[in-house]
Amino acid sequence: MLDTITHLKVPVGQEERSVCLGPDGSVAHVTRVLKMISGRWKLPILFRLFAEPSMRTLQLKRDMPGISQKMLTQHLRELEQDGLVERRDFGEQPPRVEYRLTEAGRALMPVLMATREFSRDYPAEE
């Protein structure tokens, strides 16, 4: 019977329910991260900024056909508020602004890469 309970296979010791389900539990933390990266364009933005050390808004817009300027700006602001992306304003005329991943954004990338590998290992059934 214990072999069928998947959460027991996770390499952590037996813990109280509150550790998983409480207000500061595992579920709350994972949910917070999923909210940070949810949005049609947030993952493409994060992966582009992972591939390039820093990018200007126009470069990001060119690399993601179909994104409007409004959505790009909105998602960049949300990612910045969540601490995943850093905005650097050079204070020049014409305005020059670049975006790059923060330390937290770079720390998230191995998780996203592992998610990609999981998807490759377990493809969707047709």
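None of these values were measured; they are calculated from a predicted model.
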Drop me the distance from [X]'s [atom1] to [Y]'s [atom2], to the nearest 0.5 angstrom.
X	Y	atom1	atom2	result
I45	K61	CD1	NZ	12.0 Å
L108	R106	CG	CZ	12.0 Å
L60	Y99	CG	OH	8.5 Å
K70	H75	NZ	NE2	10.5 Å
S54	Q59	OG	CD	7.5 Å

Quiz item: With the threshold set at 4.0 Å, does a side-chain nitrogen-carboxylate oxygen contact exist between E80 and R77?
Solution: no

Quiz item: Is it true that E98 and R100 make a salt bridge, defined as a side-chain N closer than 4.0 Å to a carboxylate O?
Solution: no

Practice problem: Could you tell me whether F90 atom CZ has more than 12 heavy atoms of other residues or ligands within 6.0 Å of it? | Solution: yes

Quiz prompt | Over 12 non-hydrogen atoms of neighbours within 6.0 angstrom of CD in E103 | solution = no

Exercise. Report yes or no: does D89 contribute a side-chain atom to a donor-acceptor pair with the main-chain N or O of G91 at less than 3.5 Å?
Key: yes

Practice problem: For the pair E52 (side chain) and L49 (backbone), establish whether a donor and an acceptor sit closer than 3.5 Å, ignoring hydrogens and angles. | Solution: no

Quiz prompt | side chain to side chain contact (heavy atoms under 4.5 Å, CB included), paired with L84, selected from M36, K42, M109 | solution = M36

Please give me the minimum heavy-atom distance between [X] and [Y], naming the atom from each residue.
X	Y	result
A104	G83	CB-O, 3.5 Å
P44	M64	CB-SD, 3.5 Å
V85	T102	C-CG2, 3.6 Å

State, yes or no, whether a side-chain contact exists between [X] and [Y] at a heavy-atom distance under 4.5 Å.
X	Y	result
Q69	T73	yes
D63	M55	yes
D82	I37	no
F47	M113	yes

Exercise. Give the intermediate values and the outcome of side chain to side chain contact (heavy atoms under 4.5 Å, CB included) for residues V97 and R56.
Key: CA-CA 6 Å; V97 176; R56 297 179 73 175; over 6 Å; no

Quiz item: Can you hop from V111 to L101 via hydrophobic side chains spaced under 4.5 Å?
Solution: yes

Quiz prompt | same_hphob_cluster(V33, L79) at 4.5 Å side-chain heavy-atom cutoff | solution = yes

